[in-house]
Every structure is written in C-alpha cells, then in structure tokens.
Amino acid sequence: MRAFSFIRAFLLLPFFLLATKAARQVVNWDVGYVYADHIGGSREVIGVNGKLPIPPVHVTEGDTLVLHVHNSLNVSTSIHAHGIFQINTSYMDGAAMVTQCGIPPGKSFTYEYEVNQAGTFWLHGHYHHQNADGLRTPLIVHDRKQHPYKYDGEYVFAFEDWYKESFAERLALTIDPKKSFPPESPAPNALINGVDGNATKPISFKPKRTYRIRLINMSAVVWFKFALPGHQMRVIEADGKYSVPLEVDGVTLGPGQRFSVLVTAHEDITRNYQYLVEIFASFFSRIPGESPKYHTGIVEYNKDASLDVVDTISVLEAIPEDKSFSGYTDVELSALERQPAFPVDRSIDLVLGGAFYMNNVPGDIINNITYAEPHIPTLYSALSLGSLAVDKDLYGIQSNTIVLKHNESIELVVYNPIRIPHPMHLHGHAFQLIEYGPVDPRMVLSENREGFSNQTAPIVRASEYPMERDTVVIPTMQYVKLRFRADNPGVWLFHCHMDIHFGMGMAMTFVEAPDVLQDTMVIPDSMTQMCAEQGIPTTGNAAGNPGTDLSGLPPMPSIVHF
Ligand SMILES: *[C@@H]1O[C@H](CO)[C@@H](O)[C@H](O)[C@H]1NC(C)=O
Ligand SMILES: *[C@@H]1O[C@H](CO)[C@@H](O)[C@H](O)[C@H]1NC(C)=O
Ligand SMILES: *[C@@H]1O[C@H](CO)[C@@H](O)[C@H](O)[C@H]1NC(C)=O
Ligand SMILES: *[C@@H]1O[C@H](CO)[C@@H](O)[C@H](O)[C@H]1NC(C)=O
Ligand SMILES: *[C@@H]1O[C@H](CO)[C@@H](O)[C@H](O)[C@H]1NC(C)=O
Ligand SMILES: *[C@@H]1O[C@H](CO)[C@@H](O)[C@H](O)[C@H]1NC(C)=O
Ligand SMILES: *[C@@H]1O[C@H](CO)[C@@H](O)[C@H](O)[C@H]1NC(C)=O
Ligand SMILES: [Cu+2]
C-alpha cells in the first residue's frame, strides 16, 4: 500500500483538451485480496492488480468503457458504475442478482458500455458490499462538448472510511442479537485518495488559475466535510449534473455523493493555505480526539511561503451539518439544464424503517419489507416472464419490486421516521429534488421518539429548475420528494448507500417497462454462461420457476417493529 500511495496521491491534470472522437477505453482489472496498512488497523482487503488504492479511471463522454474483470477472489464479484445510467444496457449495471449473476471465482467477464454523461462518478463492487472492503475508485468522465465552466486544472479528493474489521465482521456485530442495538460503533479513520487522512500530498495552486476540485464520498458509513479557508468555493456539479454556481464556505457529502467546486487561486503567492477535512456521523458519540476526526493538508502557492494556519475545528464546525442532513445545499442548487419539475403521473410513498426479525436479529425495511436476493437476477425474470412481467409478486416479495410503465412520471415520497439519516441511491436515473419536510410525528414509532422533540423541520422546496442527483440523504425525521421519468427501460435497485443498512435489507427494485425490455434487450451469452456455471437459472420468476409458481422461495420473515 505504502509503495503505491504516492502515485495516486493527488492527480493534477493539465488543462483538458476536448477530445473529438469517441474511443474505446480498455481497463484490465484483476480483482484480488491485498494487504493494506493504515492508521487504525491493517488487514486484508480487496484491491486490483495487486494494489490498493485502485487507480482512478478516466474516460471522455461518448467513449465506450471496456472493463475486463478477472476474479481472483474466492467468492463472486461484480462491478457497478455509480451514477452511470446504462441506457439500453441495464444488464451492465453490475448489481449482483438484480442485473447479473456474480462473476464466479477464477472467471473473467468484460463490462462494455457507452458513457454518455460527463461528471464525477465512481466504480465499486456490488456483490455483497465488497465496496466497503476496498473495491472502489473514482470514475471521472471528462466533457467532450464545450465545458460549461472554464478551469485550468483539477484535483480529485476521494474520501473513504477505514475500519480495522472487514465489512462482514462489522455487519455480524451490528446484527448480533446478543449485543445491544444499535451497537456502539467506533468511529472509523479517514482515507483521502487511499492514504491516511493527514498523509496527503500538498495540492499546488498557480496564481489566478481556476481549479475544479472533485469531491467523492466513497465511504461505507460516514459523512465528510471539506473546506478551503481563505478561498471562495463555488459548487458547479452534484452527482454528475451541472448546477448554476452556488457559493459555499464548505461542503458536506453523504455516502455515495459527489460535488465539484471551482476555486480561483489568489494572485499573491507569499502565503500557503490549508484544506480541511472532517469525517463524522451524527450517530457516533462525540469523543474528543476520536470522533469526529479532523485532517489537514496544504494548498501550496510557493514552497517557501509560510502556512496560513487556521483553527481547524472552529472552521469545520461552522459548516452546518444541517446542510447535508437536511440536504439544503442540494435543494438550494439550481440545475444548469433548464428542466422544470416533472409533472406527476404516479406518486409512491416509501417508508424507511428498522425492524427485528427471526430471533431478534435487527433488519432494515422499506414499506415493511426487508430486501433479500431472488434466486435469479430480477432483470432475467423481467425478460422471460412475457405478459406476466407486470406482476410485481413474481419478482419475489423480498425483492420489494414496483413495476413502472414506460415514460411514466414518478414521484417518490421517501419518509425517514427513524434516528439515522439514510443516503438513498437510485440506479439508472438521477431524480429531481423537489421538497424536504418533516414527517408526521404519528409515523414515528415510540422507540424512535426518545431524544427527539416533535419535528420542527421547515418545508423546503426546490428552485424553478430543480437539481438532479442520484443519491440523496433523507434526513432523520423528514421526508424528501423526488421525481424522475421512467424513460430508461431496465431493472434498477433503490437502496441505502450505508453499506451496513443495505446489508440489513434497506433496498428495493424498480422494474421499468418490462414490455419494452422484452422487445429490445438481448443479454450477452457470456452473462447467461456465468449463471449456468453456478447453477443459477436465467428464466422464470424469482424462484426460477415458470409462470406463477413461487415454490422454493423462502417465506418473508415475520417482523416486529422497533
Ligand atoms: C477467502 O479468502 C479470504 C482472504 O484470504 C479468507 O479470509 C477466507 O477464509 C477465504 N474463504 C474461503 C471460503 O476460502
Ligand atoms: C436505446 O434504444 C432505443 C431503441 O431501442 C434507441 O431509440 C435509443 O437511441 C437508444 N439509446 C441509446 C442512448 O443508445
Ligand atoms: C459518504 O457516504 C456514506 C454513505 O454512502 C455516508 O454514510 C457518509 O456519511 C458519507 N461521508 C461523507 C464524508 O460525506
Ligand atoms: C491530523 O492533523 C490534525 C491537524 O494537525 C490533528 O488535529 C489531528 O489529530 C490529526 N489526525 C490524526 C488522525 O492524526
Ligand atoms: C407497516 O406495518 C405497520 C405495523 O404492522 C403498519 O402500521 C403500517 O401501516 C405498515 N406500513 C406500510 C407502509 O405498509
Ligand atoms: C416513451 O418516450 C419515447 C421517447 O420520447 C418514445 O419513443 C416512446 O414511444 C414512448 N413510449 C411510450 C409508451 O409512451
Ligand atoms: C408530539 O406529537 C405527538 C403526536 O401529535 C403528541 O402526542 C406528543 O405529545 C408530542 N410531544 C411533544 C414533546 O410535544
Ligand atoms: Cu441507511
């Protein structure tokens, strides 16, 4: 790990020439176990080509990404491009048992798809949360067309959380019925571009140049704040969508989220500055020196200049957490693309929750259902069930499926009447952020009321041209209204991006326009082959049976609310 950190450190690219011709960008990944050594614990994690961090992948809008994956793990794997819409290629979305069978140990598979969006994305494992064990890296898609904002160089800050236990160990601790719930979790350490938070290299600024700083939250659990004291930051992108510039003192990112900010360097080169990073989560107890954690790095104008040292804690603590937990930064942003709020053809209420099931094991639910994988990838059911594909029950109760009609304009009203904010991520789409508001106190179950006064959160509505994102934090005791057009036939997961919650079942499936899929989509033989090698069926309902016979699927566990 140490040997490679300097390569990844900070990536300063020269001013990006706009490419003219779409290209095939070939990336070879041998996914395997590597040993990583960081403050807070050393352990075996998942890397690529014998290394961690994994080098970021750069492509240009319109390019075809060809990602050859060889699986050197002893379990299956799959790779999801977070935020990439996969128009007409839902089967390349990488969500195991949703759009594909996992790539078996010792085997290879090639992901190949056009990337028709520009912005800041990331690639990560989507088989049993391998994401949280290291299998994650930025995917930067440069503009092919004229860039709406001019800048001279760019830096990437990819934030990760680092634990001494593997994801499986942390999940087991969380759901252990013998332990109190929620468990006392130690706050993780932060990695920035794959190195310990305080070990980052200086970034260099040239006078009066403008830099784009891409911030990516690749963490499994925690939030990040970023500030550059002495400089004005303007947010111009969130989750791969450009915004009208918004001046901010700092930004807060929930898991899975991305922002780009523009910063213009001063003319004066007699001082250097600090950049500041805080890693925190509202649900960790505050322990001085332990949680939250603060990190600093240097913005270098001149290596001989003196450093303008600020009071790290007071600067970072002045950036309201509220801005992220209530998403006001998102809702204050106005999309650069002048698309007014979509009309609503169909409004769907989704209530996030926690429950106990099966011998007091805690789980997470959406509308009272805890997600469990079907016996065949849901996309393959949608393609093979003929006219029965509109019946949500045939995808299995625990895939928690909603079938959408082609081009329907959907509003999701996502309620979070529990004590933890949840970053919800939709595959295949970005959604407009329409409104935040308080949940009805009657929705809050008694155990969750403790420590909360009745909700006083204001109702906050989007600007005329709402910002679109693919990941939104649903603040605690609030709801968020989201809208999107079901114009991307495919099967798309909607799940909490805190990997522990996803692992506990906070996920559901949208089957979008199965009729169109059946007319247009052909699954590559190499994909059905992978299923066959593992004895996984590729036709039929969630149980792998033809028609309506669901025998063989386990019953939905009975749940008790808490
Ligand atoms: C798979 O490999 C990991 C990492 O080396 C090891 O901890 C685990 O025990 C192995 N599992 C099996 C089933 O071999
Ligand atoms: C997707 O497929 C449809 C019809 O099959 C086609 O009209 C459309 O141009 C395709 N879109 C992209 C982005 O490939
Ligand atoms: C990053 O995202 C995770 C969830 O995906 C969230 O729990 C975490 O708080 C976020 N971290 C930062 C620093 O925003
Ligand atoms: C990182 O540096 C900051 C500021 O110098 C310091 O307060 C903090 O304790 C350091 N963090 C770690 C984990 O060493
Ligand atoms: C979930 O279950 C509870 C308790 O049985 C019930 O009151 C509530 O209406 C259900 N919610 C949904 C969205 O079905
Ligand atoms: C959905 O919209 C697309 C593109 O505008 C159009 O080609 C298609 O016919 C529409 N389908 C339906 C069912 O409205
Ligand atoms: C909160 O609201 C509930 C339901 O409206 C009410 O029963 C309760 O007394 C209120 N609690 C406080 C502290 O105001
Ligand atoms: Cu969650």
Side-chain angles (χ1 to χ4, degrees), residues 22 61-64 84-92 112-117 129 132 170-171 174-175 182 185 217 219-223 254-257 281-283 324-325 347-357 362-371 397 400 402 406-407 412-425 428-429 439-440 442-448 471-476 478-480 487-490 493-508 512-513 515-522 556-562:
E61 186 182 1
D63 284 352
T64 295
I84 299 299
F85 297 149
Q86 302 289 5
I87 293 168
N88 296 344
T89 49
S90 181
Y91 51 87
M92 288 290 172
E112 181 167 343
Y113 43 85
E114 264 183 43
V115 179
N116 288 311
Q117 297 151 260
H129 323 296
R170 288 188 291 119
L171 181 60
T174 306
I175 64 175
S185 19
N217 176 5
S219 89
V221 176
V222 293
W223 269 248
Q257 296 184 322
S282 61
F283 40 88
S324 86
F325 289 131
S347 183
I348 300 172
D349 284 353
L350 300 174
V351 183
L352 309 180
F356 284 114
Y357 53 86
D364 284 329
I365 53 180
I366 300 177
N367 286 358
N368 288 342
I369 292 171
T370 187
Y371 181 86
I397 300 300
N400 206 354
I402 293 180
H406 196 204
N407 297 342
L412 303 179
V413 189
V414 189
Y415 297 89
N416 181 15
I418 44 183
R419 281 187 279 187
I420 294 180
H422 297 284
M424 300 300 295
H425 169 48
H429 290 278
V439 295
D440 184 326
R442 284 166 301 189
M443 203 181 245
V444 181
L445 298 163
S446 55
E447 283 80 356
N448 280 303
T471 308
V472 60
V473 176
I474 317 292
T476 176
Q478 294 189 49
Y479 68 79
V480 183
D487 56 2
N488 187 11
L493 207 58
F494 183 55
H495 65 91
C496 181
H497 222 291
M498 285 168 78
D499 293 332
I500 291 267
H501 296 170
F502 184 16
M504 291 167 74
M506 191 175 281
M508 60 175 292
E512 185 169 325
D515 49 342
V516 179
L517 285 175
Q518 290 174 11
D519 286 346
T520 57
M521 188 168 283
V522 178
M556 162 83 181
S558 60
I559 59 171
V560 180
H561 286 271
F562 65 78

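First listed ligand is number 1; within each ligand, the first listed atom is number 1. Only this structure's heavy atoms are used, side chains among them; waters, hydrogens and symmetry mates stay out.
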Please list the nearest protein heavy atom to atom 13 (C) of ligand 2 with its residue and the distance rounded to 0.1 Å. I87 CG2, 3.6 Å

Between the CD1 atom in I418 and the CE atom in M443, the distance rounded to the nearest 0.5 Å is 11.5 Å

Who's the nearest protein heavy-atom neighbour of atom 8 (C) of ligand 2, and how far? N88 ND2, 3.7 Å

Tell me which N, O or S atom of H501 sits nearest to the Cu ion (ligand 8). ND1

N/O/S atom of H422 under 2.8 Å from the Cu ion (ligand 8), yes or no? yes

A side-chain contact here means heavy atoms from C-beta on lying under 4.5 Å apart; do F494 and I402 qualify? no

Quiz question for you: does at least one protein heavy atom lie closer than 4.0 Å to atom 3 (C) of ligand 2? yes

Is a side-chain N or O of N367 found less than 3.5 angstrom from the main chain of V351, in a donor-acceptor match? yes

Write out the residue and atom name of the closest protein heavy atom to atom 5 (O) of ligand 2, then the distance separating them to 0.1 Å. T520 CG2, 3.9 Å

Who's the nearest protein heavy-atom neighbour of atom 12 (C) of ligand 5, and how far? N368 ND2, 3.3 Å

Keeping the roles fixed (side chain from T370, backbone from D364), state whether a donor-acceptor pair exists under 3.5 Å. yes

Considering all heavy atoms of both residues, which atom of C496 and which atom of H422 are nearest to each other, and what is their separation? SG-ND1, 3.7 Å

Do N88 and M521 come close enough that some side-chain heavy atom pair is under 4.5 Å? no

